[in-house]
Visitor: 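One structure, as structure tokens, below. Some questions next.
Order of the sequence lines fixes the chain letters, A, B, ..., with proteins taken first and strands second; residue numbering starts at 1 for each chain. Here the structure is a predicted model, which is why all the values come from computation and not from measurement.
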Amino acid sequence: MPYDALDFYDVDSLLTEEERMVRDMVRDFVDNEVLPKIEHACRDGVFPDEWREELGNMGVLGAPLKGYGCPGLSYAAYGVICRELERGDSGLRSFASVQGSLAMYPIWDFGSEEQKNHYLPKMASGEWIGCFGLTEPDYGSNPGDMITRAEDMGDHYLLNGAKMWITNGTIAQVAVVWAKLDGVIRGFIVEKDDEGFSAPEMKGKHSLKASVTSELVFQDCKIPKDRILPGVKGLRGPFSCLNNARYGISWGAIGAAQACFDSAREYALSRIQFEHPIASYQLVQNKLSWMLREITKAQLLAFHLSQKKDAGTWIPEHISLAKMNNVDIALEIARVARDIHGANGILDEYPVMRHMANLESVKTYEGTHDIHNLILGRHITGIQAFTRSLE
Amino acid sequence: MTIAVLLKQVPDTTARITISGGVVDEAAVGKWSMSPYDEYALEYALQLKESGGADLIAITCGPARASKILTDAAAVGADSLIHVLTEDSGMDSSNVQSLLAAAIGRVGADVVLCGKQAADTNAGSTGPGVASILGFTCVGMVSEVSTDADGFIAMRMGPSGNEKVSVSKPCLFAFDKGSMEMRRPNVRGIMMAKKKAVETLTPSDLGVSLIDSRVSLESHSAPAEKPPGQKFEGASSVPTVVSKLRDEANVI
Ligand SMILES: Cc1cc2nc3c(=O)[nH]c(=O)nc-3n(C[C@H](O)[C@H](O)[C@H](O)COP(=O)(O)OP(=O)(O)OC[C@H]3O[C@@H](n4cnc5c(N)ncnc54)[C@H](O)[C@@H]3O)c2cc1C
């Protein structure tokens, strides 16, 4: 059966024709080149290199960035791209999010003219892969206390420390790494072959299996002076990247939820138990209508946020709400869809268990679900509840 | 060289078709797409353009909604777009052929590519009809075409296998399933397509006076429902299955 993307309120009719053409292009790529290969990619734990190439050919990497060979699309188009990619697999969307929002974006916003000209065209075309190193083994939700540090050695910087959970790390040519220089967080561009840098892959994931996750290790890693990002100091640097990536995730999660809904509806209509399709039973209908309800709300949330992004009237808390809500409902929809599929739901013949396992990562990265609750809590009350003194 | 590719917008092959009042209810069609054989024609038209530095003009004839497929064609590389606007979907084939032939004549194309039939009517008369009005050589059931000296080489399904034929301009190729699928657009193409103007022409702009339809549609009806599948279990049913395969399915 061809994919029937749930769009109960016809929210996509609010997109421009150009945005819908971009949607159809990415949907076609996912149908023809991603879905036939995804289960193999997961089993082998690899991100197929053809996908990198085709994302570059389509011209969707760094979607909302303008100039320097970047696509220059709207944030709405960027959202749609994430949604369609994640309908295929969250690992594929993660690749695109990291490349565009976490690696290209900081160079585009905070880089020097030379850095932009040198890196962005090759990253937009997919020739160079980027990664983003913020999280450390001991500092996840609390990156401000990171240990990785840079030292000014006069004619170069010396980087020491380790990052963990870094998407694309092992396959990246370019790493944007956040480290403390004289106690202040700064961004550094590290290249694959830099002395003292290694990026071993982390194995054994039960989630995002088609995405590469790595450690980044810096042992007296020598970085030329012109590789510091001149335009930003402090946590604002990494956080502005995260805002864009989280925005994309709020759309991406809808794609995964739509895929699960589509599969669950199909399955419920064709599976006969007690002489009738299970779709004819009220309990199953209740599950399907709950999915439809949550997906429709998530679509409206994401669409309205896209308009605020494009108009520049957003605040980070708007993005926190959308990321938190949409991933939360997508994960729950994946679980309910798995239930509707019965035992078949655990097989790789259906996409639901894969989406379910993927979404567990998506719930955690880019600010865990509860970190977004805390961000909203601070917004509502004016009181930060991330930490307190325990004396 | 100027190449024209003829494209028709049809209900998507996945769209649900409903019949009301004896005809297909177009208002109920959820998704319209480029007719699949036309996609092959467009892909090979793009290849000819790329090998010969030609100008590629995409032409459609149909109601206002049909201009969407011209924008899709522009996104993959069509240079100019012509929409012959006709609101009468019941118009018979000879009128469509006259309009398309006039549009081709107007742009001076000397090679035309189209699908062998449209996925909605399956009439299969457009290619040969247009070629006969224009006096072009017509090659049907084409799966590939390429340039050769000052003519073209086409691969086509002959009665007993593949045929390779050579033709010279002016000519028309009507495509069967091609060897290569239509390419996917990219963001740059999509953004450029938005800026490409569609030239909209009416029959009178083309100097074509429509004739009364010589063929009129009496009614549409849905295909007969497929009989449900039959299931047999156990070794004892083998003779029944064998006789059904022989006498009903005619496969052994
Ligand atoms: C597949 C994958 C890919 C990733 N890719 C990248 C990447 O490319 N780059 C990168 O830098 N990072 C990446 N990450 C790391 C990710 O951003 C972190 O895992 C995330 O920030 C959470 O950090 P943590 O895992 O250390 O969990 P912790 O911060 O230890 O959190 C554990 C639990 O404690 C809760 N918690 C923490 N603090 C509080 C508090 N104050 N109040 C209440 N609850 C709290 C959390 O909500 C969570 O439930 C990736 C992670 C995964 C799983």
Visitor: At a heavy-atom separation under 4.5 Å, does A:Asp28 approach chain B through its side chain, its backbone, both, or neither?
Guide: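 For A:Asp28, backbone and side chain are both near chain B.
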Visitor: Counting only heavy atoms closer than 4.5 Å, note whether A:Asp4 contacts chain B via side chain, backbone, both or neither.
Guide: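 Contact with chain B: none, neither part.
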Visitor: So, are B:Arg184 and A:Glu33 salt-bridged, with charged N and O less than 4.0 Å apart?
Guide: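 Answer for the salt bridge query: yes.
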Visitor: Given the options A:Gly72, A:Ala77, A:Gly59, A:Ala63, which has more heavy-atom pairs under 4.5 Å with chain B than any of the others?
Guide: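 Maximum pair count with chain B is reached by A:Gly59.
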Visitor: I want to know whether A:Tyr68 and A:Tyr119 have ring centres closer than 6.0 Å.
Guide: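 Judged by ring-centre distance (under 6.0 Å), A:Tyr68 and A:Tyr119 do not meet the cut-off.
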Visitor: Using heavy-atom distances under 4.5 Å, tell me whether A:Pro71 contacts chain B through its side chain, its backbone, both, or neither.
Guide: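 Contact with chain B is through both the backbone and side chain of A:Pro71.
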Visitor: Does the distance from a Lys or Arg side-chain N to an Asp or Glu carboxylate O, for A:Arg23 and A:Asp12, drop under 4.0 Å?
Guide: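 Between A:Asp12 and A:Arg23 there is a salt bridge, with a charged N closer than 4.0 Å to a carboxylate O.
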Visitor: Does a side-chain N-to-carboxylate-O contact under 4.0 Å join A:Asp24 and B:Lys31?
Guide: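 Salt bridge flag = no for B:Lys31 with A:Asp24.
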Visitor: Can you tell which part of B:Thr13 gets under 4.5 Å to a heavy atom of chain A, answering side chain, backbone, both or neither?
Guide: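 Looking at B:Thr13, nothing touches chain A.
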Visitor: Rounded to the nearest 0.5 Å, what separates atom OG in A:Ser250 from atom CD in A:Gln299?
Guide: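 Rounded to the nearest 0.5 Å, the OG-CD separation comes to 12.0 Å.
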